[in-house]
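Remember, it's 1-based here, ligands and their atoms both numbered in the order they're listed. In this chain, residues are counted from 1 in sequence order.
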Amino acid sequence: MLQFKNVTKIYENTNVTALDDITLDIQKGEFVFLVGHSGAGKSTLIKLITAEERPTSGEIIINDINVTELTAKEIPYYRRTLGMVFQDFRLLDNKTVMENVGFAMQVVGATRRQMRRRVPDVLSRVGLSQKARFLPNELSGGEQQRVAIARALANNPNLIIADEPTGNLDPDTSKEIMAYLEEINRSGTTVIVATHDKDIVNSMHKRVIAVDGGNIIRDDERGGYSDHE
Ligand code: ADP
């Protein structure tokens, strides 16, 4: 469902080679950790997936769409097929939990009827049915991240990308968040998690792709976190 073919990204302003001839294949339904220290190229890889950046050379195919060839007009439509989760949650503080999730649907043109049906469904998937009318600042960090996961699910994406989703959470809450992502993955959604969290990577035995200096230095089917990374 995701293919990188000889992808290189050189940032023109600094002449930094952030990714150097990357070739990568992720199948539908996989759960993949993306690891590597700061500056390794993880964010660049994610930005190429979301079409925030364009590769300098190579080809990126996601869900049969050639992302490299998308026009500026097509990019917003393409992004609807992706769900994003961030370290800092990025919720709208003045909107309730249900409004945050509904808003993600509204911006892509969902009807009220579709929202009424879908929002409670995704909130129940992250165990937040009882908190639908709460504001983000009335929730714990873990609950806020669960809202973000529900929002990512709202438009029924086939790929969820989580960028350091547990970076602001304590170890127990981090495990809980990962369990929700694992559950979502089990129901068929492909999940990519960029993380520094060694305990999580080591405990979950998923595919681990390690990047360093813009290269893939390791790709293990059921890997762990190596101290070199
Ligand atoms: P990571 O997410 O693993 O920390 P990044 O993908 O952010 O790594 O960065 C990879 C390399 O690309 C680094 O050397 C970084 O300085 C450089 N880089 C990232 N973004 C930009 C940018 N917008 N302009 C210039 N250089 C960048």
Proximal protein residues to ligand 1, non-hydrogen atoms under 4.0 angstrom
Y11, N13, T14, V16, A18, H37, S38, G39, A40, G41, K42, S43, T44

Going by side-chain heavy atoms closer than 4.5 Å, which hydrophobic residues are tied to L92, directly or by a chain of links?
F103, V107, V108

Check: P157 main-chain N/O paired with N155 side-chain donor or acceptor under 3.5 Å
no

Minimal heavy-atom distance between V85 and P165, with the atoms involved, is CG1-CB, 4.2 Å

What residues form a side-chain contact (heavy atoms from CB on, under 4.5 Å) with R113, not counting sequence neighbours?
T111, R116, R117

What I'd like to find out is whether the side chain of F31 reaches to under 4.5 Å of the side chain of M204, using heavy atoms alone.
yes

Side-chain polar contacts of residues 119-137 - donor-acceptor pairs under 3.5 angstrom, sequence neighbours left out - could you list them?
residue : atom : partner : partner atom : Å
S124    : OG   : D121    : O            : 3.0
R125    : NH2  : S187    : OG           : 3.1
K131    : NZ   : E143    : OE2          : 2.8

